[in-house]
Amino acid sequence: MAIPPKSGAVIPTEDGLASRFWIKFRRESVLSLYSPFVICLASGSLEIDTFRHCIAQDVHFLKAFAQAYELAEDCADDDDAKLAISKLRKGVLEALKLHNSFVQEWGLDFVKECPINSATLKYTEFVLATASGKVEGLRAPGKLDTPFEKTKIAAYTLGAMTPCMRLYAFLGKELEALLDPNEHDHPYKKWIGNYSSEGFQATTLQTEDLLDKLSVSLTGEELNIIEKLYHQAMKLEIEFFYAQTLTQPTVIPLTKEHDPARDCLMIFSDFDLTCTVVDSSAILAEIAIVTAPKSDQNQPEGQITRMSSSELRNTWGELSQQYTEEYEQCIESMLPSKKEEFNYETLHTALEKLSDFEKRANSRVIESGVLKGLNFEDIKRAGERLILQDGCTNFLQKIVKDENLNANVHLLSYCWCGDLIRAAFSSAGGLDVVNIHANELSFQESVSTGEIIMEVQSPIDKIEAFDKIIQGCSDDKRNLTVYIGDSVGDLLCLLKADIGIVIGSSSSLRTVGDHYGVSFVPLFPGLVKKQKEYGADGSCCIWKGQSGILYTASGWDDIHALFLGH
């Protein structure tokens, strides 16, 4: 889904072409938002020379945009479309005047001093080539037979330019939301105000509306071309932001100054609903029900006796309902009568009650016999087809394949069957090296006996496994530990790690955390705050566990940007 806008943000309607593309290419907007340049600009600590250089590049952009709009206007065959494009072109010319005001403010012409860089050149050439009709599958403008064919170029041009408008409108609102009303000396308040203004937001919507109108009569193949142009423009925007030269220290990406000879990156993650879309217990339940014999079927002698599919379905339903009811009661009983200040040991003691509950619930599962008779190959196939969260596989692959990182990845999971996790990661490609710490089903000749070999079944088990892994690390390296999780069961590990990142919106996690003094900070504002503090007193950026602060991420793309940048 699209990144939720801050208060006052204006976004297009979801049924429009532009809106669908913006949502589809959310990842690119996240990577731009988390670029070191934007983080520094948002914090107000961006060095002025870096900002001047960026403004100079923006001027090259705007000149190319004005020229592209002029070409698009010539191709439009509708008076309303021509008028709309003409207004957009005038808006670009007004933006150039704004940039001239920056020049006057600082008393120099840095546009002449800063030649166009390669990232800017790539985008401007892309936009002008599109506006000139140099699009794959389209004949040159002079060879187009009908006005309708020329109109395609106008649509394609808007497809290449609209992403820039929407991205800057998005960045403007995101950064405006972080401005302190009492802070009057933020050096880039004027820049942020320009892109968060009602005028710029309205112009962005007009651009998207025009793209939608110009695309109405296009074929599916032609709409695919616009989608490719939109995506390419988003990728070029990422290149632009990461091409800005920063000489100052930055908090991200975390791997920027990583030295494998002296540093060790330890990444821990939960599995169910952190990495996956569906809880693994539901998958094992489905395998059991689908492969179970019908009530009127005779079961072969010598095989493990199983419940019928109808009996299994009823039993699973009863177990699930009982778990949910007792879990809610357990959470409620853990909460103090009034909210407390953060104390790790106090929270640890409280979570022992949840640990006892989880162990009782697992004992009921074993005693019920619902996990009897599952075939290993069925579990393996289910694991191979398991859907992981968007961005999870790509992030983990990049981490484990980068030999320069010296990174260790560990999964700590309540999952009853570690083989299911191993199959999921093996099929993802290159993730066999991930260390799996989970429970295991007991098998007899590739058929489960219904017993579970318990290794990790509670918050206490998880933190003990976490501590044991850390203790086994070499003392001659600096360890940075990061834990990614989504539930109360992850809370102790999240807080013990140097950086704890929460994915998802577990209400019980929030409730418990709030009552025990845990602060939940959205990741992007948290990084901006860290950047403000970074180097202000001459110190480096320090991440420290047990601070009582957890960072919330809307998805794995945020985590990718935090660790690796683009």
Side-chain heavy atoms of [X] within contact of [Y], under 4.5 Å:
X	Y	result
C264	L480	no
L527	I252	yes
N435	V409	no
S32	F241	yes
I421	L411	yes
L564	T255	yes
L388	V277	no
F268	I484	no

The test is side chain to side chain contact (heavy atoms under 4.5 Å, CB included); show your working for H186 and L179 and say whether it passes. CA-CA 8 Å; H186 193 297; L179 289 175; 3.6 Å; yes
[atom1] of [X] to [atom2] of [Y]: how many Å apart, nearest 0.5 Å?
X	Y	atom1	atom2	answer
E208	R166	CD	CZ	4.0 Å
Q389	D486	CD	CG	8.5 Å
L46	L41	CG	CG	5.5 Å
D58	F51	CG	CZ	8.0 Å
L71	T130	CG	OG1	11.0 Å
I85	D78	CD1	CG	9.5 Å

[atom1] of [X]: more than 12 outside heavy atoms within 6.0 angstrom?
X	atom1	answer
K82	NZ	yes
K87	NZ	no
D259	CG	yes

Look only at the side chain of [X] and the backbone of [Y], and say whether a donor-acceptor pair between them is shorter than 3.5 Å.
X	Y	answer
K532	S43	no
T276	L273	yes
E176	Y195	no

Restricting to pairs with a member in residues 420-432, which pass salt bridge (Lys or Arg N to Asp or Glu O under 4.0 Å), not counting sequence neighbours? D419-R422, R422-E440
Show every salt bridge (Lys or Arg N to Asp or Glu O under 4.0 Å) that has at least one partner inside residues 227-253, sequence neighbours left out. K24-E227, K122-E239
What pairs with [X] under side chain to side chain contact (heavy atoms under 4.5 Å, CB included), at least two apart in sequence or on another chain?
X	value
S506	S508, L509
T120	Q57, H60, F61, I116, N117, T124, F240
D558	R26, V30, Y34, L523, A553, S554
E384	K380, R381, A423, S427

Testing the basics here: between [X] and [Y], what is the closest heavy-atom pair and its distance to 0.1 Å?
X	Y	value
G133	I153	CA-CD1, 3.8 Å
C275	D270	SG-O, 3.4 Å
A66	L93	CB-CD2, 4.2 Å
A169	F200	N-CE2, 3.5 Å
D212	A18	OD1-N, 3.0 Å
V400	G430	CG2-O, 3.4 Å

Under the side-chain hydrogen bond (donor to acceptor under 3.5 Å, both in side chains) test, residues paired with [X] that sit two or more places apart:
X	answer
T50	none
S507	none
Q232	none
D279	S281

Without hydrogens or angle criteria, can the side chains of [X] and [Y] be said to hold a donor-acceptor pair below 3.5 Å?
X	Y	result
H566	E28	no
E47	T247	yes
S197	N194	no
E222	T219	yes

Stepwise side chain to side chain contact (heavy atoms under 4.5 Å, CB included) check, I559 with V482: CA-CA 10 Å; I559 296 169; V482 182; over 6 Å; no
Centroid separation under 6.0 Å, is that true for the rings of W22 and F170? yes
Applying side-chain hydrogen bond (donor to acceptor under 3.5 Å, both in side chains) between E533 and each of K530, K529, Q531, report the one that passes. K529
Check the pair H53, T245 against side chain to side chain contact (heavy atoms under 4.5 Å, CB included), reporting the backbone distance first and the verdict last. CA-CA 8 Å; H53 185 271; T245 304; 5.6 Å; no
Could you go through residues 401-408 and list every donor-acceptor pair under 3.5 Å that involves a side-chain atom there, pairing it with any protein atom two or more places apart or in another chain?
{"residue": "D402", "atom": "OD1", "partner": "N404", "partner atom": "N", "Å": "3.0"}
{"residue": "N406", "atom": "ND2", "partner": "D263", "partner atom": "O", "Å": "3.2"}

All N/O donor-acceptor pairs, side-chain side in residues 391-399, below 3.5 Å, sequence neighbours left out:
{"residue": "Q397", "atom": "NE2", "partner": "A428", "partner atom": "O", "Å": "2.6"}
{"residue": "Q397", "atom": "NE2", "partner": "G429", "partner atom": "O", "Å": "2.9"}

Show the numbers, then the answer: is there a ring pair (Phe, Tyr, Trp, His ring centres under 6.0 Å) between Y242 and F37? CA-CA 7 Å; Y242 282 87; F37 174 83; over 10 Å; no
Give me the ring orientation class for Y69 and F65: parallel if the planes are under 30° apart, tilted from 30 to 60°, perpendicular past 60°. perpendicular
Start with the C-alpha gap between S269 and W556, add the side-chain angles, then the distance that decides, and say whether side chain to side chain contact (heavy atoms under 4.5 Å, CB included) holds. CA-CA 12 Å; S269 178; W556 282 90; 4.0 Å; yes
